[in-house]
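All chains are named by letter (A, B, ...) in the order of the sequence lines, taking the proteins before the strands, and each is independently numbered beginning at 1. Only heavy atoms go into these numbers, but all of them, side chains included; no hydrogens, no water, no symmetry mates. Owing to the predicted nature of the structure, the values given are computational and were not obtained by experimental measurement.
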Protein chains: 2
Amino acid sequence: MEIAKDVGRRTAPATLQDVAARAGVSIKTVSNVVNDYTHVRATTRAKVQAAIDELKYQPNMTARSLRSGRTGVISLAVPELSLSYFAELADGVIRAAERHGLVVLIEQTGGDRDREIELLTSTRLHLSDGLIFSPLGMDSDDAHHLDVPYPMVLLGERIFGGPVDHVTMRNVEAARAATEFLISRGRKRIAVIGAHEGEVVGSAALRLQGYREALAAAGLPFDEALIGPTGLWHRHDGLVAMKAMLDRGVEFDAVFGLNDTLALGAMRVLQEARYKIPDDVFVMGFDDLDETQYSLPALTTVDPGRAEIAEMAVKVLLDRIGARGSRSQPPLQHLTEFAIRERESTG
Amino acid sequence: MEIAKDVGRRTAPATLQDVAARAGVSIKTVSNVVNDYTHVRATTRAKVQAAIDELKYQPNMTARSLRSGRTGVISLAVPELSLSYFAELADGVIRAAERHGLVVLIEQTGGDRDREIELLTSTRLHLSDGLIFSPLGMDSDDAHHLDVPYPMVLLGERIFGGPVDHVTMRNVEAARAATEFLISRGRKRIAVIGAHEGEVVGSAALRLQGYREALAAAGLPFDEALIGPTGLWHRHDGLVAMKAMLDRGVEFDAVFGLNDTLALGAMRVLQEARYKIPDDVFVMGFDDLDETQYSLPALTTVDPGRAEIAEMAVKVLLDRIGARGSRSQPPLQHLTEFAIRERESTG
DNA sequence: CTGAAAGCGCTAACAA
DNA sequence: TTGTTAGCGCTTTCAG
């Protein structure tokens, strides 16, 4: 931001020129001091520093950016911050970026395919050094749109094999582990909330696949009646899907919400219907939202390594930014570690 | 972001110079076309536009910013996005900013006083045009730190009468209205969850004041036993405070959570203890979080005008940015409209 | 209607 | 160790 001083009357901010004049040295010397260049005589440095303090000089970041070609800003594009998962992801990215001396500009796409595609070519985020992009509306057919002329890191499970670095969680393995966890606790009829019919890629499909793998490995049958589809993954959807399943009179001894929000919604319906959790039924979520620690009972869930996703996304992006111009490496896929967070909802 | 083209081999992005050369005109003419300057001959415009397309020219925002003194970026500083209230606030600010052609950079302070103060003088956000600041750790004693040399808008209830524009909700009136709503429905013993002992300013104090005013106006006694203090305003705090009140055997016919998160936590405990909501007890929240529409029962709450807060904050900030250098107006306080959102938890 | 040129504030090569 | 100077890419007087 532009600097001015004195209350009421605004003065033009001090420049390197001003400081140089004040200190009786050249502009280069001031620049050296500001940038902690080593070869500056101590007395000179002190003199310049004094001038800097008196004039309350602060470097003009815009000018610096123009000169250096870097802004120190990265962009993060998510569907919407109102969804806890993305809010917590953004939180993680901001923290990780801060550790690397970067600052984060956030765009919301609403999960709309067209807006996502438009964003990629938008001139709006052109003063950031790169983009961390979490698409929701685009799918693998749109992957070519990801071939953008600036550093980008892709997040999530909508698109695989695109032309950019990709950081994502081990959805299949994690869902399989979650299901195995339930099976190991003696559960045999595990309902799933949040399936997307006919989807082959995407979080829902991958997690459902993990679920099926676990059943198969344990020799348990896959029962279509235990699959509760939902359109979106909001709490309300979990609520409705669970209610529908109860109404159908399906028997089950555990519920696996494909994300925490769904699981919390389902849990609510179960308790309303007088099911005891975990006595009558186990409930498992996915995402490890903050909230799951505080629900009643606290929700057992899969920690997809969100902190690691954020940290790695920033790191990978930074690597690409640093590699500008050099013969670039082929896009890599980075998978994060997951862990089951065992809480009260599973015994 | 820097533009390059061709897969694999990165080329320097096209500049105005390049386009001018390609089109056989001067750089000024290209600039005119890019900026939709009116007095350009149609044929010239077409010629230039062709060159722009061929070279995939995109203006360098950094250079433009240096020249114009504006970046089109504003910063938003909040405690943390993991708290739904701030995530939804950020959502609103991003949307409002977008309507004004601005983009938003988000900083997290953790609600820590020292970090908040440090942020205000940090050089990190110097490439934004202004700041929307929602402090949580600072208090009125720190108000002088808000006298910064760049446009700023203050949000929230921590500091009043500071040297900057302030956008805030009508806490006292809104809490009073909420309480009156409960009273009008026949409630006489209204428990409060989330009070902060000894606080005189801040959301908790103001909302408690509104509660007391409503009681007084209705001729109802203020009973200290009905006040449930909490340190923070997380779901868990609501849960604990409600539990404590039940353990103390206090009688009540309504619960007013000073924010939604508290109310949802309290609601959970009540249901666990077999209270029927709203049959046995009414529950009222404050904030109108998205989630309150989907809880069971859906939570009646106060909509503090968050969308309006976001919109107004951006608008006021933009006014200040525009008024740079001119004799500035004294700081103003802007109060938003509130509304009771009546849902299932109150009958 | 279009061109020439100055300069936003800074960094960095090159000189001294 | 410090000074001089040429741009980074753009907007914007001022001429023509």
Query - Exercise: do A/His100 and A/Glu311 side chains pair donor with acceptor under 3.5 Å - result: yes

Query raised in the report: Given atom CD of B/Gln17 and atom C1' of D/dG7, what is their separation to the nearest angstrom?
Result: 11 Å

Report summary line: Sorted by chain and residue number, the side chain to side chain contact (heavy atoms under 4.5 Å, CB included) partners of B/Gln333 (sequence neighbours excluded) come out as B/Phe160, B/His166, B/Thr168, B/Leu335

Please tabulate the protein-to-nucleotide N/O contacts below 3.5 Å involving nucleotides 1-5 of chain D, giving atom names and distances.
{"from": "D/dT1", "atom 1": "OP2", "to": "A/His39", "atom 2": "ND1", "distance (Å)": "3.0"}
{"from": "D/dT2", "atom 1": "OP1", "to": "A/Thr44", "atom 2": "OG1", "distance (Å)": "2.3"}
{"from": "D/dT2", "atom 1": "OP2", "to": "A/Arg41", "atom 2": "N", "distance (Å)": "2.9"}
{"from": "D/dG3", "atom 1": "OP2", "to": "A/Ser26", "atom 2": "N", "distance (Å)": "2.7"}
{"from": "D/dG3", "atom 1": "OP2", "to": "A/Ser26", "atom 2": "OG", "distance (Å)": "3.1"}
{"from": "D/dG3", "atom 1": "OP2", "to": "A/Thr29", "atom 2": "OG1", "distance (Å)": "2.4"}

Query raised in the report: Within the structure, does a side-chain N or O atom of B/Arg64 lie under 4.0 Å from either OP1 or OP2 of D/dT11?
Result: yes

Query raised in the report: Separation of B/Leu55 atom CG from D/dG9 atom P, in whole Å?
Result: 14 Å

Report summary line: Whole-Å distance, B/Gln58 CD to D/dC10 P, equals 11 Å

Query - Non-neighbouring partners of B/Glu98 that pass salt bridge (Lys or Arg N to Asp or Glu O under 4.0 Å), sequence neighbours left out - result: A/Arg115, A/Arg124

Report summary line: Those residues at least two apart in sequence (or on a different chain) that pass salt bridge (Lys or Arg N to Asp or Glu O under 4.0 Å) with B/Asp142 are B/Arg113

Query raised in the report: B/Leu16 CG to D/dG9 C1': how many Å, rounded?
Result: 7 Å

Report summary line: Sorted by chain and residue number, the side chain to side chain contact (heavy atoms under 4.5 Å, CB included) partners of A/Ser65 (sequence neighbours excluded) come out as A/Thr71, B/Thr62, B/Leu127

Report task. For A/Leu66 and D/dC8, give me the distance from atom CG to atom P, rounded to whole Å. Result -> 9 Å

**Report entry** Contacts of type side chain to side chain contact (heavy atoms under 4.5 Å, CB included), residue A/Ser31, not counting sequence neighbours
**Finding:** A/Leu16, A/Asn35

Query raised in the report: Going by the salt bridge (charged side-chain N to carboxylate O under 4.0 Å, His left out) test, which pairs reach into residues 16-38 of chain A, not counting sequence neighbours?
Result: A/Arg22-A/Glu54

Report task. Taking salt bridge (Lys or Arg N to Asp or Glu O under 4.0 Å) as the test, write out the residues that go with B/Glu80, two or more places apart. Result -> A/Arg95

Query raised in the report: Nearest-Å distance, CG (B/Asn35) to P (D/dC10)?
Result: 10 Å

Query - With sequence neighbours excluded, residues passing salt bridge (Lys or Arg N to Asp or Glu O under 4.0 Å) with A/Asp139 - result: none

Report summary line: side-chain contact (heavy atoms from CB on, under 4.5 Å) test vs B/Phe133 passes for just one of B/Leu120, B/Val153, B/Val148, namely B/Leu120

Report summary line: Residues at least two apart in sequence or cross-chain that pass side chain to side chain contact (heavy atoms under 4.5 Å, CB included) with B/Ala143, listed by chain then number, are B/Ile159

Report summary line: Computed from five pairs at either end and rounded to 10 degrees, the angle between the axes of the helix from C/dC1-D/dG16 to C/dA16-D/dT1 is 40°

Report task. Considering only heavy atoms of chain A and a distance under 4.0 Å, specify the first and last nucleotide of DNA chain C in 5' to 3' order that meet this criterion. Result -> C/dG9 to C/dA13

